[in-house]
Amino acid sequence: MANKRFKRQEYARYKKLGIKWRRPRGKTSKMRRYEAGKPDMPAIGYRTPRAIRDLHPSGFKDVLVHNMQELEDLDPATEAARISASIGKRKKDVMLAKALELGIKVLNK
């Protein structure tokens with residue numbers, strides 16, 4: 001499920017505003033008053049369903065691994081590995097081979 005991108009009030013009018021969300025606070029703001037034809041504002045109803053919350057778009061739980069033991073402890077059916085940036089190339093190649101052997105998905109090959 002793709003997350004809805006909420007746009008800042010008058011984002012198209014001034015380039016300097018960008019599209020990063022900021023709540024409209026003006027007394028007469030049409031957007032703050034939820035008038036028709038204005039961009040949507042974030043609301044609780046847009047929240048991601050609990051079943052898929054905090055999952056990687058592939059559907060796996062994203063787990064950061066720092067060594068071989070952590071890699072071997074993963075459940076290949078529900079978890080995917082993300083190898084730490086502190087791991088060197090030689091050790092990473094060994095971990096990738098082991099992940100392939102165990103059937104574990106690696107998110108940052």
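The analysis underlying the following values was restricted to heavy atoms, covering all of them including side chains, and did not include hydrogens, waters or symmetry mates.
- The hydrophobic clustering, which links ILVMFWY residues whose side-chain heavy atoms are closer than 4.5 Å, places V65 and L96 together.
- Judged purely by atom type and a 3.5 angstrom limit, E35 has no side-chain atom pairing as donor or acceptor with the backbone of M31.
- Distance alone, capped at 3.5 Å, is enough to place a donor-acceptor pair between the R53 side chain and the T48 backbone.
- Atoms CG and CZ, on L74 and F60 in that order, are 11.0 Å from each other to the nearest 0.5 Å.
- Nearest heavy-atom pair across M41 and Y46 is O-CE1, 3.6 Å.
- The number of heavy atoms from other shown groups lying within 6.0 Å of CG (D73) is above 12.
- Nearest heavy-atom pair across G103 and P76 is O-CB, 3.5 Å.
- Atom-to-atom distance recorded for T28:OG1 and R33:CZ is 6.5 Å, nearest 0.5 angstrom.
- In this structure, CD1 in I19 is found 12.5 Å from CZ in F6, a value given to the nearest 0.5 Å.
- Rounding to the nearest 0.5 angstrom, the gap separating the CD1 atom in I83 from the CG atom in N67 is 11.0 Å.
- Looking only at side-chain heavy atoms (C-beta outward), D93 and K91 stay at 4.5 Å or farther from each other.
- What you find for R8 and L17 is that their closest heavy atoms are NH1-O, 3.3 Å.
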Pair E79-V63, side chain to side chain contact (heavy atoms under 4.5 Å, CB included): steps then yes or no: CA-CA 7 Å; E79 296 175 328; V63 179; 4.1 Å; yes

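- Separation of atoms CE (M95) and CD1 (I87) is listed at 5.0 Å; rounding is to 0.5 Å.
- No donor-acceptor pair closer than 3.5 Å links the side chain of R82 to the backbone N or O of N108.
- Within a 6.0 Å radius of NZ in K7, other residues, nucleotides and ligands contribute 12 heavy atoms or fewer.
- The residues D40 and K4 are annotated as salt-bridged, a charged nitrogen and a carboxylate oxygen being separated by less than 4.0 angstrom.
- The heavy-atom pair separating A81 from L71 by the smallest distance is CB-CD1, 3.8 Å.
- A salt bridge links K98 with E101; the closest basic N to acidic carboxylate O contact falls under 4.0 Å.
- By the 4.5 Å heavy-atom criterion applied to side chains, P39 and Q9 are not counted as neighbours.
- Here the straight-line distance linking atom NZ of K105 with atom CG of L100 works out to 12.5 Å at 0.5 Å rounding.
- Note on Y34: it clusters hydrophobically with W21, by side-chain heavy-atom contacts below 4.5 Å among ILVMFWY residues.
- Under the 3.5 Å distance criterion, the side-chain polar atoms of R32 are matched with a main-chain donor or acceptor of K27.
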